[in-house]
*Asks:* 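Let me begin by handing over the structure; questions about it come next.
Numbers restart at 1 for each chain; the letters A, B, ... are given by sequence-line order, proteins then strands. Just so you know, these numbers use all the heavy atoms, side chains as well, and skip hydrogens, waters and symmetry mates.
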Amino acid sequence: MRIATWNVNSIRTRVGRVVDFLVREDVDVLAMQEVKCKPEQFPAEAFDEAGYELAIHGLNQWNGVAIASRSPILDVETEFPGMPGFLKSHDGPDLPKEARAIGATVDGVRVWSLYVPNGRSLDDPHYAYKLDWLAALTEYTRTETSSRPEVPFALMGDFNIAPLDEDNGDPAVVPGASTHVSPPEREAFFALENAGVTDVVRPLVPAGYTYWDYKQLKFPRNEGMRIDFVLGSAAFAEQVTDAVIHRNERKGDAPSDHVPVLVELALSEDDDDLPMIFG
DNA sequence: ATGTCATCATGCTGATGA
């Protein structure tokens with residue numbers, strides 16, 4: 001199985017690029033973030049024609065997550081247990097939470113496409129929301145990986161955190177003053193890694209960024225950040241045979257500001273592609 | 001240079017979010 005994550009920054013703007021990538025790289029499952037549309041606005045036909053089905057969670061022009069898959073998408077959830085809402089986005093507990101998570105089972109793998117809140121600034125309510133959101137995700141991950149350790153489980157997406165100093169190549173992102181690199185955010189990320197999942201890409205791709213701001217020639221200067229990750233349970237991680245950060249997807253016409261991160265698993269998909277030996 | 005990009009609405013320009 002070849003499975004990837006990509007913050008596409010508007011699927012309506014990027015659909016050609018995204019489907020081209022899926023076909024060219026023989027991707028079986030794609031977790032998308034920032035699709036920036038409602039399900040009825042999602043360009044589903046292009047995915048259908050390329051042989052992918054979709055699960056989409058989008059409420060408005062902000063955020064929005066989706067999963068595309070060649071195999072059937074089962075048991076879809078649009079939030080994880082305990083996931084908080086952002087106070088400014090609703091006036092009460094009955095109103096919908098932001099569309100930042102979608103989980104589904106594909107070929108026996110439990111996959112989450114996650115768009116972690118940005119935080120905006122260290123003194124913004126969005127920053128506290130980000131930490132609360134990560135704490136709830138950590139508790140869910142601990143419960144899930146301990147109660148069903150045999151199920152391969154993966155958190156894939158834009159975590160909006162550069163966990164290590166080497167993950168931040170942007171001089172405008174200053175430790176002590178900026179989000180994405182503050183100690184509480186990094187501690188939240190490490191707590192998640194201690195709750196039953198590990199970064200399956202870093203051992204295979206030790207260096208490299210996944211995001212470059214559109215402004216100030218950040219990509220030509222290579223002043224990027226590594227903030228998109230695939231965190232897998234033991235049952236997932238032990239199947240990983242390869243990983244690639246597709247840096248070239250930041251080039252050319254109308255790129256997203258993030259690039260896809262692809263992981264290959266030894267896990268067999270289903271028998272559809274195999275010869276019919278037994279008739 | 002607060003230098004780009006995407007979206008929506010008080011809509012063809014500004015506000016919001018990243």
*Asks:* Is it the case that the ring center of A:Phe80 lies less than 6.0 angstrom away from the ring center of A:Trp133?
*Replies:* yes
*Asks:* Less than 4.0 angstrom between a side-chain N/O of A:Arg250 and OP1 or OP2 of B:dT4, yes or no?
*Replies:* no
*Asks:* Nearest whole Å is fine: how far is B:dT16 P from A:Asn118 CG?
*Replies:*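 So the CG-P distance, A:Asn118 to B:dT16, works out to 16 Å.
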*Asks:* Please report, rounded to the nearest Å, how far the P atom of B:dA18 is from the CD atom of A:Gln61.
*Replies:* 11 Å
*Asks:* Can you tell me if A:Arg226 uses its side chain to pair, donor with acceptor, with the backbone of A:Gly208 under 3.5 Å?
*Replies:* yes
*Asks:* Do A:Ser113 and A:Gln33 pair up side chain to side chain, a donor and an acceptor below 3.5 Å, judged on atom types alone?
*Replies:* yes
*Asks:* Report yes if at least one side-chain N or O of A:Arg14 is closer than 4.0 Å to OP1 or OP2 of B:dC5; otherwise report no.
*Replies:* no
*Asks:* Counting only Watson-Crick pairs (N1-N3 plus N6-O4 or O6-N4) and G-U wobbles (N1-O2, O6-N3), all under 3.5 Å, who is the partner of B:dA6?
*Replies:*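 Base partner found: B:dT16.
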*Asks:* Taking atom P in both B:dT16 and B:dG11, compute the distance separating them and give it to the nearest angstrom.
*Replies:*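 My reading of the P atoms in B:dT16 and B:dG11 gives 15 Å.
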*Asks:* For the P atoms, the ones on B:dT13 and on B:dT2, what distance do you get once it is rounded to whole angstrom?
*Replies:* 24 Å
*Asks:* In whole angstrom, give me the gap between the C1' atoms of B:dA15 and B:dT10.
*Replies:* 11 Å
*Asks:* Check this for me, if you would: do A:Glu193 and A:Arg202 make a salt bridge, where the nitrogen-to-carboxylate-oxygen distance has to be below 4.0 angstrom?
*Replies:*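 Judged by the 4.0 Å cut-off on N to carboxylate O distance, A:Glu193 and A:Arg202 do not form a salt bridge.
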*Asks:* Salt-bridge test for A:Arg14 and A:Glu249: reply yes if a basic N is under 4.0 Å from a carboxylate O, no otherwise.
*Replies:* no
*Asks:* How about CD on A:Glu40, more than 12 heavy atoms from neighbouring residues, nucleotides or ligands closer than 6.0 Å, or not?
*Replies:*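 Yes, the 6.0 Å shell around CD holds more than 12 heavy atoms from other groups.
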*Asks:* Show each protein N/O and nucleotides 12-14 of chain B N/O combination with a separation under 3.5 Å, one pair to a line.
*Replies:*
none

*Asks:* Are the side chain of A:Asp107 and the backbone N or O of A:Met1 linked by a donor-acceptor pair below 3.5 Å?
*Replies:* no
*Asks:* Distance check needed: B:dT4 P versus A:Asp170 CG, whole Å only.
*Replies:* 15 Å
*Asks:* Go through B:dC8, B:dG17, B:dA6 for me and flag the one nearest to the A:Asn9 side chain.
*Replies:*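 That would be B:dA6.
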*Asks:* Is there a side-chain polar atom (N or O) of A:Arg12 under 4.0 Å from OP1 or OP2 of B:dA6?
*Replies:* no
*Asks:* Mind calculating the distance between CG (A:Asp257) and P (B:dA6) to the nearest angstrom?
*Replies:*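 Taking CG of A:Asp257 and P of B:dA6, I get 9 Å after rounding.
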*Asks:* I need the OH-C1' distance between A:Tyr127 and B:dA18, as an integer number of Å.
*Replies:*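 So the OH-C1' distance, A:Tyr127 to B:dA18, works out to 18 Å.
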*Asks:* For A:Asn222 and A:Trp212, which I'm curious about, is there any donor-acceptor pair between the side chains at under 3.5 Å?
*Replies:* yes
*Asks:* Distance check needed: B:dA15 P versus A:Asn60 CG, whole Å only.
*Replies:*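 A:Asn60 atom CG is separated from B:dA15 atom P by 20 Å.
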*Asks:* Quick check: on DNA chain B, is the nucleotide nearest A:His126 upstream (toward 5') of the one nearest A:Gln41, or the reverse? Name the residue that is more 5'.
*Replies:* A:Gln41
*Asks:* What nucleotide among B:dT16, B:dC8, B:dA18 has an atom nearest to a side-chain atom of A:Trp62?
*Replies:* B:dT16
*Asks:* Can you check the A:Phe86 CZ to B:dT16 C1' distance for me, whole Å?
*Replies:*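 Between C1' of B:dT16 and CZ of A:Phe86: 13 Å.
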*Asks:* Among side-chain atoms of A:Lys36 and A:Asn9, is any donor-acceptor pair under 3.5 angstrom?
*Replies:* yes
*Asks:* Expressed in whole Å, how much space separates the P atoms belonging to B:dA1 and B:dC12?
*Replies:* 31 Å
*Asks:* Which residues within residues 211-229 of chain A lie with some heavy atom under 4.0 Å of an atom in DNA chain B?
*Replies:* A:Tyr214, A:Lys215, A:Gln216
*Asks:* Can the ring centroids of A:Trp62 and A:Phe86 be said to lie less than 6.0 angstrom from one another?
*Replies:* no
*Asks:* Rounded to whole Å, how long is the line connecting atom CG of A:Asn63 with atom P of B:dT7?
*Replies:*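 Whole-Å distance recorded here is 13 Å.
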*Asks:* Counting just side-chain N and O atoms, does A:Thr13 come under 4.0 Å of either OP1 or OP2 of B:dC5?
*Replies:*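 Looking at the OP1 and OP2 atoms of B:dC5, neither is under 4.0 Å from any side-chain N or O of A:Thr13.
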